[in-house]
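Each ligand, and each atom within it, is numbered from 1 in the order the structure gives. Side chains included, hydrogens not; waters and symmetry mates left out as well; all remaining heavy atoms used. A quick note: this is a predicted structure, and the numbers were derived from the prediction, not measured.
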Amino acid sequence: MFGESLVAALTAGGLLRVTPQGLACPVIIQPVRGFYIVYDPVAAKLAPVGKYLVMGMGTSSLAPANAAPRRHYRRALDVGCGGGFQSFHLATHCDEVVGLDINPRALSLGRLAARLNRTGNIDFRLSNFYAAVEGEKFDLIISNPPFVISPESEFHYRDGGLGADRVTETVIRNASNYLADGGIAIIICEWAMVQGAEPHDRLKQWTAGSGCDVWVSTSKGEDLPSYAMSWLRAYRAHLSPEEFHRTYNRWLDYYDDLLMTGIQTGLVVLRKRAGGNWLYIDEAPPVIRGRWGETLLQLFAIHTLLHQATVDELLDQPYQLASAARMRHVYQQVGSRWSSTEAEIFLEEPLPYSGRIDQYTAGLLARCDGTVPLRELVAAMGDAVGVSFAEIVEAALPILRGLLQRGYLIPVSLLPPGPEPSAV
Ligand SMILES: C[S@@+](CC[C@H](N)C(=O)[O-])C[C@H]1O[C@@H](n2cnc3c(N)ncnc32)[C@H](O)[C@@H]1O
């Protein structure tokens with residue numbers, strides 16, 4: 001049915017295998033988000049592909065891809081590129097993309113997909129971490145490294161083979177060496193929580209002195225038995241109950257030896273900036289909606305302002321409530337009327353944070369329409385409750401800082417250019 005030359009070309013390209021039963025396609029070619037990716041079916045976990053299996057798009061692939069600002073950049077780097085899921089996104093808005101992977105099969109499938117996609121600006125390089133880009137600088141680095149913490153080192157894409165959380169550590173500790181000034185690295189990863197230490201101590205050590213501002217969005221943290229069980233269910237369901245139990249205990253003994261108490265998952269973003277740097281760690285909202293690279297850039301600008309500005313400089317600015325901000329009130333019957341007992345502010349998208357606020361802050365936020373400096377709004381609030389300006393500033397500023405840090409409130413100076421704020 002197919003011409004011999006077509007079969008020969010597809011076979012040589014790795015897209016077809018001649019088997020005794022006929023022709024077989026050993027890989028999956030999937031269209032995603034406007035391009036093709038080529039990867040191995042799950043059954044390829046068995047020999048001969050085994051360790052060299054190339055994964056398709058996973059949840060961990062989407063997190064950094066959705067966070068990446070899709071602006072024009074000159075050079076981008078994808079560390080642990082696999083079949084190129086991140087690289088093909090980057091290739092749409094960056095002049096040059098370098099994809100690094102230790103697995104030669106991943107690079108072959110990435111190059112194959114590049115031909116299918118007619119993408120000519122990705123340079124796939126065989127590399128142990130950053131080795132193949134020594135001395136080079138990038139404006140954007142994305143990494144979804146093999147971060148699973150376990151006693152196993154069976155698959156390049158899952159384990160990395162360094163033990164504990166050292167793959168994550170290597171990617172994070174070294175990222176700043178390859179960032180150009182102002183460059184951003186976005187890394188999805190997991191790190192160990194260890195006895196006697198705060199949950200994020202390891203992450204703080206890895207980023208200290210990096211010359212980068214660091215913004216981290218974390219999960220609540222997972223307990224070790226659930227973590228081990230979910231990975232083993234996915235990979236070891238074929239074992240007999242006894243073998244499964246032995247393997248499970250081996251994972252838990254491994255965590256005991258490392259003095260681990262739990263595992264944190266997070267999106268870690270570093271931005272190289274000269275001067276004093278800041279670190280901000282916050283719990284992630286329950287879901288993140290859509291692609292939010294512009295919001296990420298805005299959050300970096302807000303945190304940098306909060307880090308650098310004096311109290312007077314913060315008070316002298318007008319602020320605008322985010323367009324996605326909403327308020328929810330709970331009312332309770334008091335006497336013969338409804339009385340509001342609590343108010344919740346939340347963002348509809350892209351980072352749907354939520355939190356309680358008091359009625360005074362709620363009133364002040366309603367007046368943040370981008371026209372009046374905060375100083376005047378806070379003074380009016382002080383008058384309303386009969387408190388001096390100094391006292392009201394002391395009480396209100398930490399609350400307003402928290403609202404700014406999560407992006408409920410935006411300094412007008414940092415709003416993207418657009419229609420003038422409403423004066424109503
Ligand atoms: C979780 S996969 C990510 C694939 C793809 N970037 C994505 O986001 O879907 C991790 C990738 O890192 C690669 N990798 C593992 N150890 C590495 C190392 N030491 N240096 C470079 N790449 C490595 C694996 O081969 C695998 O392709």
Side-chain angles (χ1 to χ4, degrees), residues 27-33 35-42 44-45 49-68 76-91 94 97-114 117 119 122-134 136 138 140-150 152-175 177-178 185-190 231 234-235 265-268 291:
V27 290
I28 295 173
I29 302 171
Q30 187 187 344
V32 286
R33 299 183 160 193
F35 51 79
Y36 291 104
I37 51 169
V38 183
Y39 61 95
D40 288 308
V42 177
K45 277 178 189 159
V49 175
K51 186 178 183 74
Y52 297 95
L53 182 134
V54 178
M55 68 175 252
M57 177 185 73
T59 318
S60 64
S61 314
L62 285 172
N66 288 344
L77 180 67
D78 178 2
V79 184
C81 61
F85 180 77
Q86 313 293 342
S87 298
F88 287 113
H89 282 85
L90 294 168
C94 304
V97 181
V98 179
L100 303 178
D101 209 286
I102 201 167
N103 178 1
R105 181 175 172 78
L107 301 173
S108 302
L109 297 193
R111 289 186 188 119
L112 182 62
N117 294 324
T119 302
I122 306 176
D123 179 5
F124 289 103
R125 300 185 195 169
L126 190 65
S127 184
N128 186 15
F129 296 105
Y130 299 88
V133 290
E134 215 33 71
E136 297 182 43
F138 297 88
L140 186 54
I141 298 178
I142 304 286
S143 187
N144 171 15
F147 50 66
V148 178
I149 304 177
S150 85
E152 303 195 0
S153 54
E154 204 176 351
F155 302 108
H156 278 309
Y157 79 94
R158 189 192 67 177
D159 309 306
L162 296 189
D165 51 12
R166 280 194 285 276
V167 166
T168 297
E169 175 176 358
T170 307
V171 173
I172 292 181
R173 269 195 197 276
N174 291 289
N177 296 334
Y178 302 91
I186 302 177
I187 300 154
I188 178 81
C189 56
E190 290 180 347
W231 278 106
Y235 283 81
T265 305
L267 188 73
V268 178
R291 299 183 193 185

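Note: Leu109 CG to Tyr52 OH = 14.0 Å, rounded to the nearest 0.5 Å.
Among residues two or more places apart in sequence or in another chain, the side-chain contact (heavy atoms from CB on, under 4.5 Å) test is passed with Val42 by Lys45. Under the side-chain contact (heavy atoms from CB on, under 4.5 Å) criterion, Ile102 pairs with Asn128, His156, not counting sequence neighbours. Judged as a side-chain contact (heavy atoms from CB on, under 4.5 Å), and not counting sequence neighbours, the contacts of Ile29 are Leu15, Tyr36, Val38, Leu116.
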Expected rows: ligand 1 N/O, protein N/O, dist below 3.5 Å:
unit_1   : atom_1 : unit_2 : atom_2 : d
ligand 1 : 6 (N)  : Gly80  : O      : 2.8
ligand 1 : 6 (N)  : Cys81  : O      : 3.3
ligand 1 : 8 (O)  : Gln86  : NE2    : 2.9
ligand 1 : 8 (O)  : Asn144 : ND2    : 2.9
ligand 1 : 9 (O)  : Ser61  : OG     : 2.7
ligand 1 : 19 (N) : Asn128 : OD1    : 2.8
ligand 1 : 20 (N) : Ser127 : O      : 3.3
ligand 1 : 20 (N) : Phe129 : N      : 2.7
ligand 1 : 22 (N) : Ile102 : N      : 3.3
ligand 1 : 25 (O) : Asp101 : OD1    : 2.6
ligand 1 : 27 (O) : Gly82  : N      : 3.4
ligand 1 : 27 (O) : Asp101 : OD2    : 2.6

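Note on Asp101 versus Arg125: no salt bridge recorded, every NZ/NE/NH1/NH2 to OD/OE distance being 4.0 Å or above.
The one candidate from Ile187, Thr170, Val79 that meets the side-chain contact (heavy atoms from CB on, under 4.5 Å) condition with Pro145 is Ile187.
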